Amino acid sequence: MEYSKELINRLEEKAKTLRRNVVVSIGVGVAGHIGGSNSSADIVAALYFYKMHYDCKNPEMKDRDRFLLSKGHVAILQYAALAEAGFFPVGDLRHTKEIGFYLQGHPDVRKTPGIEAGTGSLGQGLSIGLGMALGMKADHIDRNVYVLIGDGELGEGQIWEAAMAAGYYKTGNLIAIVDKNNLQASGAVRDRMNSNPVPDKWKSFGWNVIEINGHDMVEILTALDQADQEKGKPTVIIADTVKGKGVSFAENVVGFHNGMLTEETYRQALAELA
């Protein structure tokens with residue numbers, strides 16, 4: 001499929017806006033997950049502002065696509081997208097993680113409009129997404145469930161239980177996206193619970209596997225559209241990304257998995273994302 005230059009430029013600018021909103025949400029002197037948020041921003045921009053069907057005025061609309069942030073510690077990225085999509089005011093992002101506020105460090109399905117499930121205990125999102133996808137098929141709802149997973153999260157056994165079940169049930173409306181930035185909280189994925197080779201594992205469970213550059217918007221849109229056409233089996237999009245993408249001092253730096261910004265680095269990050 002051909003995509004217009006106008007569409008690609010708009011989505012790339014939207015991804016930059018999401019990254020900027022992530023920085024604003026973190027603020028100064030408080031730790032925040034800038035690394036995994038920024039590595040996934042292009043993907044999330046493509047989902048919310050190109051691919052997914054939803055209604056910000058009716059978040060529980062039955063005929064909607066679902067998005068689950070299995071790596072729930074990067075909730076600030078989803079909040080940035082939800083705010084830009086009109087679910088709540090963008091200005092509220094500055095109050096993220098304040099005690100009693102509705103935008104907490106992990107997604108809360110009870111308080112935040114647009115959140116489909118409470119996530120952040122790693123490994124659970126794909127199981128929840130599989131249940132939703134099977135339920136939607138039973139109810140004849142022709143929509144998709146998208147689940148964003150971290151590559152460090154692939155060390156959780158529950159991911160592979162869900163992958164096996166989804167392959168067995170040929171759940172074509174379930175689309176997993178692996179943010180493969182190669183770093184997790186305690187270091188390189190290959191030096192911890194090494195999940196490589198990632199594509200071969202998913203193929204062995206009967207999934208349709210698509211590998212892309214997770215910062216190339218044309219590749220992202222192409223993969224999402226191809227996944228939408230695959231009805232006979234679940235699809236996983238393995239996106240090669242850069243941890244902390246867009247903020248020079250945070251790129252590929254483990255310390256910014258959950259890092260703290262000073263006044264100086266805060267201003268620098270906003271300037272780089274202007």
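The first residue in the sequence is number 1, and the count goes up from there. Every value quoted in this text rests on a predicted model; they were computed, and no experiment measured them.
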Tell me whether Glu272 contacts the main-chain N or O of Ser248 through its side chain, where contact means a donor paired with an acceptor under 3.5 Å. yes

Tell me every residue that passes salt bridge (charged side-chain N to carboxylate O under 4.0 Å, His left out) with Arg66, counting only those two or more places apart in sequence or in another chain. none

The complete set of ring-ring contact (aromatic ring centres under 6.0 Å, His included) pairs with one or both residues in residues 143-162, sequence neighbours excluded, reads Trp160-Trp202, Trp160-Phe205

Under 3.5 Å, is there a donor-acceptor pair between the side chain of Glu84 and the main chain of Val90? no

Let me confirm one number: the CD1-CD1 distance from Ile43 to Ile177, rounded to the nearest 0.5 Å. 6.0 Å

Keeping the roles fixed (side chain from Lys231, backbone from Asn173), state whether a donor-acceptor pair exists under 3.5 Å. no

Kindly give the heavy-atom pair with the smallest separation between Gly36 and Ser39, and that separation in Å. O-OG, 3.1 Å

Answer yes when Lys57 and Asp55 have at least one side-chain N-carboxylate O distance shorter than 4.0 Å, and no when they do not. no

Clusters formed by hydrophobic residues whose side-chain heavy atoms approach within less than 4.5 Å: which one holds Val254, and what are its other members? Leu183

For residues 117-133, tabulate all N or O donor-acceptor pairs below 3.5 Å that involve a side-chain atom, not counting sequence neighbours.
from: Thr119; atom 1: OG1; to: Leu69; atom 2: O; distance (Å): 2.6
from: Ser127; atom 1: OG; to: Gln158; atom 2: NE2; distance (Å): 3.1

List, one per line, each side-chain donor-acceptor pair under 3.5 Å for residues 94-107, sequence neighbours excluded.
from: His95; atom 1: ND1; to: Glu98; atom 2: OE1; distance (Å): 3.4
from: His95; atom 1: ND1; to: Glu98; atom 2: OE2; distance (Å): 3.0
from: Thr96; atom 1: OG1; to: Leu93; atom 2: O; distance (Å): 2.7
from: Lys97; atom 1: NZ; to: Ala31; atom 2: O; distance (Å): 3.0
from: Tyr102; atom 1: OH; to: Asp92; atom 2: OD2; distance (Å): 2.5
from: Gln104; atom 1: NE2; to: Glu98; atom 2: O; distance (Å): 2.8
from: Gln104; atom 1: NE2; to: Phe101; atom 2: O; distance (Å): 3.0

Give every residue pair that meets the ring-ring contact (aromatic ring centres under 6.0 Å, His included) criterion with at least one member in residues 25-46, sequence neighbours excluded. His33-His73, His33-His257

What is the minimum heavy-atom distance between Ile26 and Val30, and which atoms define it? CG2-O, 3.4 Å

Donor-acceptor side-chain pairing of Gln184 and Asp151 below 3.5 angstrom: no

Indicate the atoms forming the closest heavy-atom contact of Ala269 with Val247, along with that distance. CB-CG1, 4.0 Å

Can you run down the salt bridge (charged side-chain N to carboxylate O under 4.0 Å, His left out) pairs that involve residues 16-27, sequence neighbours left out, and say none if there aren't any? Arg19-Asp42

Quick one: which residue pairs count as a salt bridge (charged side-chain N to carboxylate O under 4.0 Å, His left out) with a foot in residues 168-185, not counting sequence neighbours? Lys71-Asp179

Taking the side chain from Arg64 and the backbone from Met61, do they hold a donor-acceptor pair closer than 3.5 Å? yes

What pairs of donor and acceptor atoms, side-chain ones from residues 219-230 against any protein atom, are under 3.5 angstrom apart with sequence neighbours left out?
from: Glu219; atom 1: OE1; to: Asn213; atom 2: N; distance (Å): 2.8
from: Thr222; atom 1: OG1; to: Val218; atom 2: O; distance (Å): 2.8
from: Asp225; atom 1: OD1; to: Tyr50; atom 2: OH; distance (Å): 3.2
from: Asp225; atom 1: OD1; to: Lys51; atom 2: NZ; distance (Å): 2.7
from: Asp225; atom 1: OD2; to: Tyr3; atom 2: OH; distance (Å): 2.6
from: Asp225; atom 1: OD2; to: Tyr50; atom 2: OH; distance (Å): 2.7
from: Asp228; atom 1: OD1; to: Asn144; atom 2: ND2; distance (Å): 2.8
from: Asp228; atom 1: OD2; to: Lys51; atom 2: NZ; distance (Å): 3.2
from: Glu230; atom 1: OE2; to: Gly232; atom 2: N; distance (Å): 2.9
from: Glu230; atom 1: OE2; to: Lys233; atom 2: N; distance (Å): 3.4

Distance, nearest 0.5 Å, that separates CG of Asn21 from OG of Ser37: 11.5 Å

If you group Ile, Leu, Val, Met, Phe, Trp and Tyr by side-chain heavy-atom gaps below 4.5 Å, do Leu148 and Tyr79 land in one group? yes

What is the minimum heavy-atom distance between Ile149 and Ala176, and which atoms define it? CD1-CB, 4.0 Å

My understanding is that only residues two or more places apart in sequence, or in another chain, count here; which of them pass salt bridge (charged side-chain N to carboxylate O under 4.0 Å, His left out) with Arg190? none

Find the distance between CG (Leu261) and CZ (Phe256) and round it off to the nearest 0.5 Å. 6.0 Å

Please check if the side chain of Thr17 supplies one atom and the backbone of Glu13 the other of a donor-acceptor pair under 3.5 Å. yes

Could you tell me if the side chain of Lys203 sits less than 4.5 Å from the side chain of Trp207, heavy atoms only? no

If every non-hydrogen atom of Leu154 is compared with every non-hydrogen atom of Ser195, which pair is closest and at what distance? CB-CB, 3.8 Å

Which residues share a salt bridge (charged side-chain N to carboxylate O under 4.0 Å, His left out) with Lys243, sequence neighbours left out: none

Main-chain N/O of Ile115 paired to Thr112 side chain as donor or acceptor, under 3.5 Å: no

Polar side-chain atom of Asn38 near backbone of Lys245 as donor-acceptor pair, under 3.5 Å: yes

Using a 3.5 Å distance criterion without hydrogens, assess whether the side chain of His215 forms a donor-acceptor pair with backbone atoms of Val242. yes

Tell me every residue that passes ring pair (Phe, Tyr, Trp, His ring centres under 6.0 Å) with Tyr266, counting only those two or more places apart in sequence or in another chain. none

Tyr54 versus Ala85, closest heavy-atom pair with distance: OH-CB, 3.5 Å

Are the side chain of Glu12 and the backbone of Asn9 linked by a donor-acceptor contact shorter than 3.5 Å? no

